[in-house]
Amino acid sequence: MTLGNAAGARVRLIVWCKACGHRAEPDAAGMAERYGAETTVPEWRERLVCSRCGSRNIDMLVIGTERQ
């Protein structure tokens with residue numbers, strides 16, 4: 001799945017830091033615009049850095065429903 005596919009499917013991207021527990025739900029469309037629509041979700045995840053503690057030890061879920 002690419003970020004463009006994720007945005008088109010309106011899925012939720014839920015990411016969290018394994019080091020400090022910080023959690024976020026970035027907008028897939030915004031991430032596609034920022035990182036490129038053809039960037040795969042796993043490639044994107046590898047680039048993430050926790051905004052709270054700076055760790056790169058990030059995990060994520062892709063959930064197939066849009067947040068209500």
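- Within the model, atoms CE of Met1 and CH2 of Trp44 stand 12.0 Å from one another, a figure rounded to the nearest 0.5 Å.
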Listed pairs under 3.5 Å, donor-acceptor, residues 49-62 side chains, sequence neighbours left out:
| residue | atom | partner | partner atom | Å |
| --- | --- | --- | --- | --- |
| Ser55 | OG | Asn57 | N | 2.9 |
| Arg56 | NH2 | Glu46 | O | 3.0 |

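- For the salt bridge (Lys or Arg N to Asp or Glu O under 4.0 Å) test, no residue two or more places apart in sequence or in another chain qualifies with Asp27.
- Between Leu13 and Leu3, some side-chain heavy-atom pair lies under the 4.5 Å cut-off.
- In this structure, Arg47 and Tyr35 approach most closely via the heavy-atom pair NH1-CD2, 3.4 Å.
- Remark: Glu43 pairs with Thr39, Thr40 by the side-chain contact (heavy atoms from CB on, under 4.5 Å) rule, at least two apart or across chains.
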